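Here the structure comes first, spelled out in structure tokens, and everything after it is commentary.
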Amino acid sequence: MAEKDGEHPKGPRAHFRRAGQVVSRGERTWLVRIFLGRDGTGRRRYYNRTVHGTKKDAQTLLNSLLSESDRGELVEPSRETLDAFLDRWLRDVAIVKVRGNTLEQYKQSLRVYVRPVLGPVRICDLELSDFNRLYRSMEERGLSGRTVRLTHAVICGALEHAVVKEKSLARNPARLSELPRVKRPEISTLDARQVAKLRAAAAKHPFGTVLLFAVATGMRPSEYLALRWIDLDLDECTAAVHRTIHRAEKGSGG
């Protein structure tokens, strides 16, 4: 045991150092506990971490945490699950930072890839290995490196908010994850013969003009479907993208 729980030492020259303990919790399992003071009701508050290994490993962690405490960097672990945190982050933070279609992509990535695996875990218990394992499993399922990286960007950004803004995490466990390389697909373009076939087919289709416009300008559906007459200059034969349109999530009221 490093130190016993104690209050702030008295006296003008007293230097306060948080009290810490290493407590056995079974074979090669240790509880590292640091006394954080008392809350508004007078109850003692503790920072607790479980260590699997030797007592020396636990003592090393305790010394490191006490140093963080001395520097004012020790954060009391949040008991909030990743699911609950993401709900709050999407509702209060992401919604005002990104556009509607991007927000829907965030929700889908988290719902499909992250929440089923890590959602029930408390954010204070998340480790780098959890995210490396998650991303490897996504690759093994045949998902592209781009999909893995986009998913990482969303969850990493959310956890960074917990570290920087909320101070509910001491560090971002996803930040140093091992990410796959993105294979850049070979881009192919239509040749003159294919363009002629496309024009002939478009002439017989009720939305053929829209199709040809999209091919000629390279616009995305979210861009050309949002065009208004004021965006077109018929004299100069130009079109300007000033807005995009997206499909609202069912029940969102948008």
Side-chain angles (χ1 to χ4, degrees), residues 1-9 15-39 43-86 89 110 113-141 148-149 151-164 166-180:
M1 182 169 66
E3 298 179 29
K4 294 184 178 180
D5 292 347
E7 306 293 347
H8 198 300
H15 173 70
F16 177 60
R17 182 176 176 83
R18 297 290 186 192
Q21 296 175 297
V22 172
V23 182
S24 176
R25 283 291 186 261
E27 186 176 355
R28 292 181 61 81
T29 302
W30 307 87
L31 174 68
V32 173
R33 167 177 284 186
I34 297 177
F35 178 64
L36 298 178
R38 297 178 182 272
D39 62 19
R43 296 180 60 184
R44 291 171 176 261
R45 295 167 46 245
Y46 294 95
Y47 179 103
N48 296 310
R49 285 274 292 275
T50 299
V51 177
H52 299 284
T54 65
K55 186 174 182 179
K56 184 178 179 181
D57 295 331
Q59 187 66 51
T60 298
L61 175 62
L62 174 61
N63 293 338
S64 174
L65 292 175
L66 287 173
S67 295
E68 287 185 27
S69 177
D70 287 344
R71 297 193 300 268
E73 299 173 357
L74 189 64
V75 177
E76 187 172 4
S78 169
R79 302 184 66 83
E80 190 174 35
T81 65
L82 181 60
D83 267 337
F85 168 72
L86 290 175
W89 179 75
L110 295 171
Y113 306 126
V114 179
R115 289 183 186 264
V117 181
L118 301 177
V121 181
R122 294 188 304 181
I123 59 173
C124 66
D125 294 331
L126 289 168
E127 301 286 349
L128 172 62
S129 58
D130 294 321
F131 294 95
N132 285 337
R133 189 164 50 251
L134 170 65
Y135 301 149
R136 277 199 309 273
S137 70
M138 291 176 66
E139 285 189 276
E140 290 168 358
R141 289 165 55 189
V148 174
R149 283 179 172 267
T151 301
H152 168 74
V154 177
I155 188 63
C156 191
L159 292 175
E160 196 67 16
H161 175 81
V163 174
V164 177
E166 295 188 355
K167 308 295 184 184
S168 56
L169 277 180
R171 60 187 63 83
N172 186 342
R175 194 166 192 175
L176 299 178
S177 299
E178 297 291 334
L179 300 175

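Numbers for residues simply follow the sequence, beginning at 1. This is a predicted model, so every value here is computed, not measured.
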Worksheet item: Closest heavy-atom contact between Leu62 and Gly20?
Response: CD1-CA, 3.9 Å

Discussion item. If you define the side chain from C-beta out and look only at heavy atoms, does anything of Ser168 sit under 4.5 Å from Ile123?
Written reply: yes

Worksheet entry | Side-chain heavy-atom pair Tyr113, Arg141 within 4.5 angstrom cut-off | yes

Discussion item. For Glu160 and Asn172, which I'm curious about, is there any donor-acceptor pair between the side chains at under 3.5 Å?
Written reply: yes

Practice prompt. Determine yes or no for a side-chain-to-main-chain donor-acceptor pair under 3.5 angstrom, with Arg175 supplying the side chain and Cys156 the backbone.
Written response: no

Discussion item. Would you compute the distance between atom CZ of Arg79 and atom OG1 of Thr81 and round it to the nearest 0.5 angstrom?
Written reply: 11.5 Å

Worksheet entry | Minimum heavy-atom distance Pro120-Val117, with the two atoms named | CD-O, 4.4 Å

Worksheet item: Under a 4.5 Å cut-off applied to non-hydrogen side-chain atoms, are Arg25 and Thr50 in contact?
Response: no

Discussion item. If I compare all heavy atoms of Ala58 with all of Val32, which pair ends up nearest, and what's the gap?
Written reply: O-CG2, 3.6 Å

Discussion item. Working to the nearest 0.5 angstrom, can you tell me the gap between Arg149 CZ and Thr151 OG1?
Written reply: 12.0 Å

Discussion item. Taking the side chain as everything from C-beta on, heavy atoms only, tell me whether Arg49 gets closer than 4.5 Å to Leu65.
Written reply: yes

Worksheet, complete the sentence: The reported gap from CD1 in Ile155 to CG in Leu110 (rounded to nearest 0.5 angstrom) is 5.5 Å

Item to complete: Provide the closest heavy-atom pair for Leu134 versus Ser137 in the form atom of the first, atom of the second, distance.
Response: O-OG, 2.6 Å

Discussion item. For Tyr135 and Glu178: C-alpha separation, side-chain torsions, deciding distance, then whether side-chain contact (heavy atoms from CB on, under 4.5 Å) applies.
Written reply: CA-CA 8 Å; Tyr135 301 149; Glu178 297 291 334; over 6 Å; no

Response to the item:
All heavy atoms of Val22 vs all of Lys55, minimum pair found to be CG1-CG, 4.3 Å

Response to the item:
To the nearest 0.5 Å, atom CD of Glu127 lies from atom CG of Leu118 at 11.5 Å

Practice prompt. Check whether any side-chain heavy atom of Leu126 lies under 4.5 Å from a side-chain heavy atom of Leu169, and answer yes or no.
Written response: no

Worksheet item: Got a sec: does the CZ of Arg122 have more than 12 other heavy atoms crowding it under 6.0 Å?
Response: yes

Worksheet item: So how far is it from His52 NE2 to Trp30 CH2, rounded to the nearest 0.5 Å?
Response: 13.0 Å

Item to complete: Taking all heavy atoms of Trp89 and all of Val154, pick out the closest pair and write down the distance.
Response: CH2-O, 4.0 Å

Worksheet item: Side chains of Leu159 and Phe131: closer than 4.5 Å at any heavy-atom pair?
Response: yes

Worksheet item: Sub-3.5 Å donor-acceptor pair from the side chain of Thr29 to the main-chain atoms of Glu27, do we have one?
Response: yes

Worksheet item: Quick one: are His152 and Ser177 in side-chain contact, heavy atoms under 4.5 Å?
Response: yes

Worksheet item: Does the side chain of Thr60 come under 3.5 Å of the side chain of Asn63 through a donor N or O and an acceptor N or O?
Response: no

